[in-house]
Engineer: 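My questions will all concern the structure given below.
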Amino acid sequence: MLRFDLSFMFEPNTKGGISEEEFASVRDQVTKSVERVVKSRPGFVNVIFDRSYMDSVEDIRQWVLSFNNLVVIGIGGSSLGAVALANALTPPDWNYLTKQERSGYLRIFFLENVDPDQAAAVLDEIDPRETLFDVISKSGSTAECLAHYQVIRGLLQIRGLNPAEHIIFTTDPRKGLLRQIAKNEKIQALDIPQDLGGRFSVLSPVGLLPAMACGVDIKALIDGAKDAYLKCADLNIEKNPAAMMAACHYLHKKKGRNISVMMPYSNRLFSLADWFRQLWAESLGKKYSLDGQIVNEGLTPIKALGVVDQHSQIQLYNEGPDDKTITFLEVERFDRDILIPTIHENDEISYLGGKKLADLLKSELTGTERALASNGRPSMRIIFPTINAYDIGQFFMYYEFATALMGDLLMINPYDQPGVELGKRITYSLMGRKGFEVLKFPEPVKKVVID
Ligand code: PA5
């Protein structure tokens, strides 16, 4: 079960942190936000209480496990959750293990960015005869996804393989091109609920199929999310982690701290910070308020890796602009640990001998937390007793709910992303998509190009 320690968000632990009075001033407001979000019954809550989505994945378990590789094709909300799950819940050398060592589960690869070097390397690595391609797109119209989809269709064609035996779509239940192709060509398709946007979809088949394919206990994942939701709905906000996270970020934002750093002290949890970045950025970065005023709202999410970024970012966080809160992700017990032997007797090194790598990692986290506090820089810890599916499920739910709460508190719509659209349409125009030929976009007046 995840634990939260928000002590250093507050006075007196951190000078300039949240005072008793400041917290009291938003207590009712946050409580009402919790009530409203619960009442609105968002799609990310519905999906975990509707068993049919997990069943749809379990129903094809045997077929999926007949392959050696899964290639997930999707981008943004259609990939970040699955990347986070795979990185957190499989060992770092997963793709190098034999199928037997993987207990029959699949190696996992992602085609996200349309970087040809990266895509070519993935395609070099897999044998299409042993590969299932999971093409994920809610809209069924995202250029990057459709480009990769056609690349792998071409590959299957060259190898004389039947697409219906190697492709599954994960898409809107009714609308969009992928749904149409699935019907026309009898390609299997899993549903993404209509009321669920990409960045909130990790606990739908979008994340569940890739997770199941690489051996994650998806029931535990959903159970974790369900149990977390019960806490998210608690109107006693001091017992509600999502409400406390939202209240703290909201209050610190009022003090000018509108940068939210997430800093896992764990490589396996690092991709959770990528998932969080998208959720926080796309949900809360909005031009208009709910009543149509221009507000240019938002908090900027940043990711950092402990301890690596202590040697890169922490100088800035301690002494630079006081515009950040830092959320540490701590692992209490790693799956493995390594004893540091005593090789030299010199004082500068001998203190490390006999300790474990995890001891050093944890001391560094505490050292960073305390140093930040002494500089008046607020932080909080989310504590993973171990890295397991149940706790990762909890993490997703707490952050989805906290994001919805932040949307309510900031009076913006956290579920749309109009700011992504213009860039997409210009790309369509540049790539010659029918219907977008005459799209106008301004050329720079003064060109500054240096050869
Ligand atoms: O959160 C979102 O809605 C976006 O990030 C989408 O997930 C992303 O643009 C991919 O969209 P789609 O799943 O429609 O291909």
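For the single chain, residues carry numbers from 1 onward in sequence order. Both ligands and their constituent atoms are indexed starting at 1 by order of listing. Because the structure is predicted, anything quoted here is derived from the model rather than measured. Only heavy atoms go into these numbers, but all of them, side chains included; no hydrogens, no water, no symmetry mates.
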Engineer: With sequence neighbours left out, which residue pairs that include part of residues 26-35 fulfil the salt bridge (Lys or Arg N to Asp or Glu O under 4.0 Å) condition?
Structural biologist: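 Non-adjacent pairs meeting salt bridge (Lys or Arg N to Asp or Glu O under 4.0 Å): R27-E238.
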Engineer: Return the closest protein heavy atom for atom 13 (O) of ligand 1 as residue, atom name and distance.
Structural biologist: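 Nearest neighbour among protein heavy atoms for atom 13 (O) of ligand 1, to 0.1 Å: S78 OG, 2.7 Å.
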Engineer: For ligand 1, which atoms, with element, lie under 4.0 Å from some heavy atom of Q417?
Structural biologist: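 What qualifies from ligand 1 is 3 (O).
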Engineer: Side chains of R377 and T14: is there a donor and an acceptor less than 3.5 Å apart?
Structural biologist: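 No, no side-chain donor-acceptor pair sits under 3.5 Å.
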Engineer: Considering only non-hydrogen protein atoms, determine which one is nearest to atom 5 (O) of ligand 1 and report residue, atom name and distance to 0.1 Å.
Structural biologist: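 The protein heavy atom lying closest is Q278 NE2, 2.5 Å.
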Engineer: Closer than 4.0 angstrom: is that true for some heavy atom of E144 and an atom of ligand 1?
Structural biologist: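 It does not; every heavy atom stays at 4.0 Å or beyond.
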Engineer: If you count the atoms of ligand 1 from 1 in the order shown, which ones are under 4.0 Å from a heavy atom of S137?
Structural biologist: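 This gives 12 (P), 13 (O), 14 (O), 15 (O) as the contact atoms.
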Engineer: Can you tell me which residue and heavy atom of the protein come closest to atom 2 (C) of ligand 1, and the distance to 0.1 Å?
Structural biologist: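 Protein heavy atom with the smallest distance to atom 2 (C) of ligand 1: E282 OE1, 3.2 Å.
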Engineer: I need the nearest protein heavy-atom contact for atom 9 (O) of ligand 1: residue, atom name and distance, please.
Structural biologist: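 That would be K424 NZ, 4.1 Å.
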Engineer: Assess the side chains of Y317 and S379: does a donor N or O sit below 3.5 Å from an acceptor N or O?
Structural biologist: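 Absent: no donor and acceptor within the cut-off.
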Engineer: Please determine, by modelled atom types, if Y288 and E297 share a side-chain donor-acceptor pair under 3.5 angstrom.
Structural biologist: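 No donor-acceptor contact under 3.5 Å links the two side chains.
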Engineer: Give the residue, atom name and distance (to 0.1 Å) of the protein heavy atom nearest atom 6 (C) of ligand 1.
Structural biologist: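 Checking every protein heavy atom, the shortest distance to atom 6 (C) of ligand 1 gives G77 N, 3.9 Å.
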Engineer: Identify the protein heavy atom lying closest to atom 1 (O) of ligand 1, giving its residue, its atom name and the separation to 0.1 Å.
Structural biologist: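 Nearest neighbour among protein heavy atoms for atom 1 (O) of ligand 1, to 0.1 Å: R199 N, 2.9 Å.
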Engineer: Write out all pairs satisfying salt bridge (Lys or Arg N to Asp or Glu O under 4.0 Å) with one or both partners inside residues 145-160, taking only residues at least two apart or from two chains.
Structural biologist: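 Listed once each, the pairs are R153-E185.
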Engineer: Among protein heavy atoms, which sits nearest to atom 14 (O) of ligand 1, and what does the distance come to when rounded to 0.1 Å?
Structural biologist: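 Here the nearest protein heavy atom works out to S139 OG, 2.7 Å.
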Engineer: Between N68 and D127, is any side-chain donor less than 3.5 angstrom from a side-chain acceptor?
Structural biologist: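 Distance-only check fails for N68 and D127.
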Engineer: Assess K303 against F270: is NZ or CZ under 6.0 Å from the centre of the six-membered ring, and within 45 degrees of the ring's axis?
Structural biologist: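 The answer is yes; both the distance and angle limits are met.
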Engineer: On a heavy-atom basis, I'd like to know which of I75, L146, T142 is closest to atom 15 (O) of ligand 1.
Structural biologist: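 Nearest heavy atom to atom 15 (O) of ligand 1 lies in T142.
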Engineer: Within ligand 1, which atoms have a heavy atom of K138 less than 4.0 Å away?
Structural biologist: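 Counting atoms of ligand 1 from 1, those under 4.0 Å from K138 are 12 (P), 13 (O), 14 (O).
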Engineer: Side-chain contact, heavy-atom cut-off 4.5 Å: R102 with W94?
Structural biologist: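 Yes. Closest side-chain heavy atoms under 4.5 Å.
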